[in-house]
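Since the structure comes first, as structure tokens, the remarks are kept for the end.
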2 protein chains.
Amino acid sequence: MQIATWNVNSIRTRQQIVTDWLKQNPVDVLCLQETKVRDEQFPLAPFESLGYHVYISGQKSYNGVAIFSKEPVTDIIFGFSPILGDNLVRDFDEQKRVISGVIDNIRVVNLYVPNGSAIGSEKYEYKLGWLALLKQYLQNLKENQSTEICICGDFNIALEDKDIYNSKNKAKHIMSSPVEREVLQDVLTVGLQDAFRKFTTEEGHYSWWDYRAAGFQRNRGWRIDHHYLTPKLYEQATKCWIDIEPRKLEKPSDHAPVVVEIEQ
Amino acid sequence: MQIATWNVNSIRTRQQIVTDWLKQNPVDVLCLQETKVRDEQFPLAPFESLGYHVYISGQKSYNGVAIFSKEPVTDIIFGFSPILGDNLVRDFDEQKRVISGVIDNIRVVNLYVPNGSAIGSEKYEYKLGWLALLKQYLQNLKENQSTEICICGDFNIALEDKDIYNSKNKAKHIMSSPVEREVLQDVLTVGLQDAFRKFTTEEGHYSWWDYRAAGFQRNRGWRIDHHYLTPKLYEQATKCWIDIEPRKLEKPSDHAPVVVEIEQ
DNA sequence: GTGCCCTTAG
DNA sequence: CTAAGGGCAC
């Protein structure tokens, strides 16, 4: 089973690139982030035509997540509040950043972690608060569900210096500050491991390159799109790779898709 | 000699369509309207590469006119004020709607007549005032210059009912109201005749179709892009036609080019 | 419907 | 640099 994650930066603008990629890479599950479209306007047909069931949680302009799956997905959960309770997280769920469901006895959790803008900003505090909620959400899932868990998506955090093209000033940069890394590491203590690092330990593998300053041409990238797996799945993982080909096309997303293969 | 007029509705967006058309239709002169770009940002190179001298008078977002010519153009005049005097028309020249120059002893006057929005509106009054100035401008040119004159461009007026797909309610519609027609007819009394109507008298020939309500597919068009010629040129005109092919392409302008051929 | 500006966001 | 939305114009 192959599960891919891809921040597409607008599914409407990227429709052709995504369908082309799925024809070449018929993954079982594709988790999308930054779909940037209201549910009524989501282009379902091109993906359903390829044999996918489509599950969406969108909003206009910003954020938005979706799951495409060859098999029907069961027990879909939209946002944090069905697990953590309306009162606590209603405000957080206004931004559509979380969708999850069960496929083949794996709970796939698709995440678009807040970017955080700049260290110390209001958006940064939102990011840290959001990650704290994520930990609670995952703990609850682990305690109350019998499935293995695969969380994936755009984490907007590079955990190690080798995940960044140039680690100068990393401590002051959003996505690589010590506090962000600690908070994400703390989330992972619920029992999750980085699938990519099971197979590849060297530096220089990236999933995101800034549109600005010709980031891709100069390979100034970051590895911020991840799959984290519970122990049994981690054992079963046979491959994990970043496909930079779609990043080379005309009008690409700034992110590349990342795929994990699991042999059950 | 062939002189074309084309409202391109943004030269940056239409660059490919215009260069493709010029390769197929290497007219001597192309008069453009609604270039919608500041002079510093005008894409000169693609047109100069095709052998054209380029003369521009643009502004951001709205209006903007240009002349492309195989031969160098002499005695370029920007706007009304060089002819009518700064005091009278400085305000009118803030909108870039007029550029003219002499090619092969013909003064070509390229016009983007104000649309007028709705009858009775402030923009409508501006349109009528602008046309009154145009008459003075043309009278002055006729009195003080020895060349023949070809005025062309987007007039935003259909002079006759047969120039409109459906003349119902024409009297209440901008671009076909009696007052607009009278004012344009009055401009033409300086001594100008409609080149297109020298050759084609029947109804159903249009140069503009609204993007809205599938105007082109239903052929709900208007003939509002014209060439008007002084008597000698009118005699020398051998052809005048509207080329609707570019209107059929992807992402077209809402206007088609119109070409007049003059045998000197 | 289409295009451009400006703003917000990344 | 890229994308979206709201506003304006046509």
Side-chain angles (χ1 to χ4, degrees), chain A residues 7-15 17 33-38 41-42 58-64 95-97 112-118 121-124 126-127 154-157 173-175 208-218 220 222 224-225 247 249-255, chain B residues 7-15 17 33-38 41 58-64 95 97 112-118 121-124 126-127 154-157 173-175 208-218 220 222 224-225 247 249-255:
Chain A
N7 178 322
V8 289
N9 189 14
S10 169
I11 189 60
R12 285 176 293 179
T13 299
R14 230 62 66 197
Q15 184 181 312
I17 284 179
Q33 305 87 38
E34 283 207 89
T35 53
K36 288 186 171 176
V37 66
R38 278 188 292 258
Q41 302 183 158
F42 195 105
Q59 62 180 92
K60 77 174 171 191
S61 284
Y62 306 120
N63 314 310
Q95 297 185 16
K96 304 308 180 192
R97 299 177 171 279
Y112 175 47
V113 178
N115 170 280
S117 191
S121 67
E122 202 171 289
K123 292 200 175 82
Y124 178 77
Y126 183 91
K127 181 179 194 171
D154 175 0
F155 285 78
N156 272 315
I157 296 174
H173 199 295
I174 193 71
M175 301 195 293
W208 174 79
W209 300 259
D210 201 317
Y211 285 126
R212 291 163 286 190
F216 186 66
Q217 291 85 325
R218 301 198 276 174
R220 298 189 168 200
W222 296 61
I224 58 178
D225 300 273
R247 179 65 241 237
L249 302 174
E250 292 288 294
K251 291 212 142 235
S253 168
D254 44 352
H255 294 252
Chain B
N7 179 321
V8 289
N9 189 14
S10 168
I11 189 59
R12 285 176 293 180
T13 299
R14 230 62 67 195
Q15 183 181 312
I17 284 179
Q33 304 87 39
E34 284 207 88
T35 53
K36 290 186 172 176
V37 66
R38 279 188 293 257
Q41 302 185 152
Q59 64 180 90
K60 79 172 171 191
S61 283
Y62 305 119
N63 314 310
Q95 297 185 17
R97 297 177 174 278
Y112 176 47
V113 178
N115 170 280
S117 191
S121 68
E122 202 170 289
K123 293 200 174 82
Y124 178 76
Y126 183 91
K127 181 179 194 172
D154 175 359
F155 284 78
N156 272 316
I157 296 174
H173 200 294
I174 194 71
M175 301 195 292
W208 174 77
W209 300 259
D210 201 316
Y211 286 126
R212 290 163 286 192
F216 185 68
Q217 290 87 324
R218 300 199 278 175
R220 297 189 168 199
W222 296 59
I224 57 177
D225 299 273
R247 180 65 242 238
L249 302 173
E250 292 288 296
K251 290 215 144 233
S253 168
D254 43 354
H255 293 252

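Lettering of chains follows the sequences in order, A, B, ..., and the numbering in each one begins at 1.
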Look at Ser10(A) and dA3(D) and indicate whether a side-chain polar atom (N or O) is within less than 4.0 Å of OP1 or OP2.
no

With sequence neighbours left out, what residues match Pro114(A) under side chain to side chain contact (heavy atoms under 4.5 Å, CB included)?
Arg97(A), Tyr126(A), Lys127(A), Trp130(A)

Presence of Arg14(B) side-chain N/O under 4.0 Å of dT2(C) phosphate oxygens OP1/OP2
no

Filtered N/O pairs between nucleotides 5-10 of chain D and protein, under 3.5 Å:
| from | atom 1 | to | atom 2 | distance (Å) |
| --- | --- | --- | --- | --- |
| dG6(D) | OP1 | Lys60(A) | NZ | 2.6 |

Between Gln217(A) (CD) and dC1(D) (P), how many Å, whole number?
11 Å

Check whether any side-chain heavy atom of Arg14(B) sits under 4.5 Å from a side-chain heavy atom of Asn9(B), and report yes or no.
yes

Whole-Å distance between dA9(C) P and Glu122(A) CD?
10 Å

Without decimals, in angstroms, what is the distance between Tyr126(A) OH and dA9(C) P?
12 Å

With sequence neighbours excluded, tell me which residues meet side-chain hydrogen bond (donor to acceptor under 3.5 Å, both in side chains) with Gln41(A).
Arg38(A)

Give the rounded distance in Å between these two atoms: CG of Asn9(A) and P of dG10(C).
11 Å

Report the distance from atom NZ of Lys251(A) to atom P of dA4(D), rounded to the nearest whole Å.
8 Å

Roughly, in whole Å, what's the span from CG in Asn7(B) to C1' in dT2(C)?
12 Å

